[in-house]
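Position 1 is the first residue of the sequence, and the numbers go up from there. Hydrogens, waters and symmetry mates are skipped; everything else that's a heavy atom, side chains included, is used. Please read these numbers as outputs of a predicted model, since none were measured by experiment.
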Amino acid sequence: MLSEIKGIGAATEKKLNELGIYDCKDLIERMPVSYMDMSVIALPQESGEGDFCLFSAIVSSISKPFKKGRLEIFKATAICENVKIKLVWFNRNYTAKILKIGTKYRVYGRLKIEQNTKVFYNPSFEEYDTKNSLCGIKPIYWTKGVIAQKNYRNYVSEALKLCMPESIIPCEEEKKLNMMSLSEAYKRIHFPIDSREQKAKERVVLEKITRRICAFRIAQSKQICEKKRRYSKNIDFSPLWEVMPFHLNESQQTALEKLINVFVSDKKLNSVLCGDVGSGKTAVAVSAAYFAVKNGYKVAIMAPTEILAKQHYNFINSIFPSLGISVCFLSGSAKIKERDDLRFKIKNGFFDVIIGTHSLLYIGEEIPDLGFVVVDEQHRFGVAQRTSLISKGETVDVLTLSATPIPRSMQLVAYGEVEYLTIKPRFESTVKTVIVPSKKREDMWEYIAVECEKGTQAYIVAPKIFEEDGAESESVERLADELKKYLPGEKTGVLHGKIKAQDKQSVLDAFYRNEISVIVSTTVVEVGIDVPNASIMVVMDAERFGLATLHQLRGRVGRKGQPSFCFLFTSKEPTEGLKMLCECSDGFKLAEKDFELRGGGDIFGLEQSGTGTITGLNLKNLNRAKEIADKIPLKKVETLLTSEIKSFSLCDVSLT
């Protein structure tokens, strides 16, 4: 109870409640937003603008407080070693009452220089002859101005004496990993004596993640419902192998066997099949779909673009009908009557495999006997969209395909909810990635023109379709016009989401036949286009795209193993992500970097990236917490994790 803390009465407790603080634990776990380092004296005359200064000065003059709008302003002048200092306070009524001319004060604040005058706004101060409190490192808390920082620090200090969160990490594990205790970490965070508070923060973050992982696993074990769908392992794959245009390699076969083992177990399948662009993820997914259908269940396959969905349909429909498996394609661009007819047939179980784009999300009725869902190119769908499709069936098995897993999925791996399966690439990447600055723009176009004359083909991708007034980003419209200076008009095709499906297909067909040398497009070419002859990918304003998208775009070229280029054009300073792309062709490592740059998302909600509800979460401490959690007996810590266990809703979390 907050009332147990010295100095907290009913009025103060109400103010703390407004800040979301209801007990001692809340006070302890609310981290400082910053620190004031008053451990070293820094004189204004020796400091630059923006620096924090700690100095002594004698007040030489005081002005009468005055109002300006809602602000009450009070000004004073002080002398520090013959240097004139201007002091200004806003809405600090008490300052005018206690500040005296001729008295020496210790002053702490951030220096501003205005018209060659050194100015401090709202500085902290105290009489020089009193006990020195402006020393050491002081935490600054988010209080919305309703509670004085000094008082808040006193409340935290008392809370640390009254209660201390108990660690679930065993003492022997702390010693083995050379970790400070949790109690020591909280003390150092709130009242640091040196710069080691960063290690203390890492210790607290590690505790929070470990607690969350353990709580998740306990909640999961309590709420797992019995798997209603039963699969037989005795399915004959030989008919499929006879009609497949290629055989699965060893890596693909291993991944399929792992999937089948989960299918036939009591555990719900929730896996990410991770493999670089062109590694054969689709072949594994199709084989798994065959297994599900032969066990009597329907399969839904969702792709992010109509081009990719149609490609999947063409491939699967060339194989499955001869095996007695019916396939349908639910197109978003289909006419209303045609779409309604398909929906009626889907609802009544006419088809074994339903393939589509976002249109699958809007099927009002459940797909009968839906047992297996495949989500291709995971990063192109939001959490809510993936949830929507999966909810069409009851406790369905889910396989997600990705070359660069989203940060949220990587976090779920540590929690134990999602399993990663990887397949090896067919060959080492032969694509060289280069950052192209503005000054090299014409050189890049000239190089592409020369290569296209030799028979090479290229993609040029822009972040938007049309020119917009005042917008600085590149557009498909402008680039197509610019390229006319370097290539004959008939050699360039344009592709984007506003083009009719029939016209889009005409452009693609011409590109497949090499009648068109260059396609200028938006990211519609990111997935589902396989033109082996294409060897150049240009991404304009590359800094505007995520790592997953850039890696997918790069995967459009060099698909038969030929030397190829990916040009990342940017008029700005290259980002860490762009530099990483130039050095790395491994999708999983790029996903790790994406996690580092964007955070792990919120596994309880709809965020695919970001820090979620734990500040300071990164891949390093996530993996470390997983290793620790793996060694903790869950039954021993269950009572310590009661509130965390209650906070989990598995129907929200069990999604990749």
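- Counting heavy atoms from C-beta on, the side chains of Val507 and Val494 never come closer than 4.5 Å.
- Within the 4.5 Å cutoff, no side-chain heavy atoms of Arg554 are placed close to those of Met537.
- Atom CG of Leu508 sits about 10.5 Å away from atom CZ of Arg513, to the nearest 0.5 Å.
- Counting only heavy atoms from C-beta outward, the side chains of Val284 and Thr282 never approach each other to under 4.5 Å.
- Atom CD1 of residue Ile448 and atom CG of residue Leu483 lie 7.5 Å apart, to the nearest 0.5 angstrom.
- Looking only at distances, a side-chain donor or acceptor of Ser287 sits under 3.5 Å from a matching main-chain atom of Ala283.
- For Ser271 against Leu421, the heavy-atom pair with the smallest separation is CB-CD1, 4.3 Å.
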Review point. After noting the C-alpha distance and the side-chain angles of Leu487 and Cys452, does the key distance pass the side-chain contact (heavy atoms from CB on, under 4.5 Å) rule?
Key: CA-CA 9 Å; Leu487 285 164; Cys452 287; 4.1 Å; yes
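- Counting heavy atoms from C-beta outward, Ile319 and Leu240 have side chains that approach closer than 4.5 Å.
- Checked by atom type and distance alone, the side chain of Gln505 never pairs as donor or acceptor with a backbone atom of Lys500 at under 3.5 Å.
- In this structure, Phe569 has its ring center no closer than 6.0 Å to that of Phe567.
- Considering all non-hydrogen atoms of both residues, Lys298 and Gly349 come closest at CE-O, 3.7 Å.
- Ion pairing between Lys491 and Glu453 fails under the 4.0 Å rule for side-chain N and carboxylate O.
- The closest side-chain heavy-atom distance from Phe565 to Val557 is not below 4.5 Å.
- The structure places SG of Cys328 at 5.5 Å from CG of Leu342, a figure rounded to the nearest 0.5 Å.
- In this structure, Val243 and Leu323 approach most closely via the heavy-atom pair CG2-CD1, 4.0 Å.
- Here the side chains of Val476 and Lys464 are not in contact, with every heavy-atom distance at 4.5 Å or above.
- His496 places a side-chain heavy atom less than 4.5 Å from the side chain of Ile499.
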Practice item. Could you walk me through whether Tyr313 and Val327 pass the side-chain contact (heavy atoms from CB on, under 4.5 Å) test, one step at a time? Key: CA-CA 8 Å; Tyr313 172 74; Val327 184; 3.8 Å; yes
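- With Ile355 as the fixed residue, the side chain to side chain contact (heavy atoms under 4.5 Å, CB included) test singles out one of Asn317, Ile301, Leu308: Ile301.
- For Thr357 and Glu306, the side-chain atoms include no donor-acceptor pair closer than 3.5 Å.
- The heavy-atom pair separating Ser521 from Val524 by the smallest distance is CB-CG2, 4.3 Å.
- Side chain of Thr254 to main chain of Glu250: a donor-acceptor pair is present (N/O by atom type, distance under 3.5 Å, no hydrogens or angles).
- For the pair Ser564 (side chain) and Gln562 (backbone), a donor-acceptor distance under 3.5 Å is present.
- Using a cut-off of 4.0 Å between Lys/Arg side-chain N and Asp/Glu carboxylate O, Glu576 and Lys579 are scored as not salt-bridged.
- Using a distance-only test at 3.5 Å, with no hydrogens or angles considered, no donor-acceptor pair links the side chain of Ser322 to the main chain of Ser318.
- When each of Phe291, Phe372, Tyr231, Phe263 is paired with Tyr297, the side chain to side chain contact (heavy atoms under 4.5 Å, CB included) condition holds for Tyr231 and for no other.
- Using a cut-off of 4.0 Å between Lys/Arg side-chain N and Asp/Glu carboxylate O, Arg478 and Glu474 are scored as salt-bridged.
- In this structure, OG1 on Thr433 lies 9.5 Å from NE2 on His551, to the nearest 0.5 angstrom.
- Nearest heavy-atom pair, Ser238 versus Asp236, reported as atom, atom and distance to 0.1 Å: OG-OD1, 2.6 Å.
- Between the Asn295 side chain and the Ser232 main chain, a donor and an acceptor come within less than 3.5 Å of each other.
- Of the possible donor and acceptor atoms, none in the side chain of Asn348 sits under 3.5 Å from a partner among the backbone N and O of Phe350.
- Asn249 and Ser251 form no side-chain donor-acceptor contact under 3.5 Å, judged by distance and modelled atom types alone.
- For the pair Thr575 (side chain) and Leu578 (backbone), a donor-acceptor distance under 3.5 Å is present.
- One distance of note links NZ of Lys281 with OG1 of Thr400; it measures 12.0 Å at 0.5 Å rounding.
- Ion pairing between Asp266 and Arg230 holds under the 4.0 Å rule for side-chain N and carboxylate O.
- Salt bridge absent: Asp341 and Lys345 never bring a charged side-chain N and a carboxylate O closer than 4.0 Å.
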**Study point:** Test log, rule side-chain contact (heavy atoms from CB on, under 4.5 Å), inputs Asn314 and Phe329
**Key:** CA-CA 9 Å; Asn314 290 338; Phe329 176 57; over 6 Å; no
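- Counting only N and O atoms by type, the side chains of Gln457 and Ser517 include no donor and acceptor under 3.5 Å apart.
- Within the 3.5 Å criterion, the main-chain N or O of Ala309 finds no donor-acceptor partner in the side chain of Asp376.
- Interatomic distance, CG of Leu495 versus CG of Asp503, reported as 10.0 Å (0.5 Å rounding).
- Listed here is the closest heavy atom pair of Ile435 and Pro574: CD1-CB, 3.7 Å.
- Below 30°, between 30° and 60°, or above 60°: for Phe315 and Phe246 the angle between ring planes is below 30°, a parallel geometry.
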Practice item. For Ile354 and Ile367, run side-chain contact (heavy atoms from CB on, under 4.5 Å): C-alpha distance rounded to whole Å, both residues' side-chain angles, the deciding distance at 0.1 Å, then the answer. Key: CA-CA 9 Å; Ile354 301 99; Ile367 300 171; 3.9 Å; yes
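- Exactly one of Asp481, Val461, Thr492 qualifies for a side chain to side chain contact (heavy atoms under 4.5 Å, CB included) with Val520. That residue is Thr492.
- Proximity of Ile423 to Leu273: side-chain heavy atoms (C-beta onward) are separated by under 4.5 Å at one or more points.
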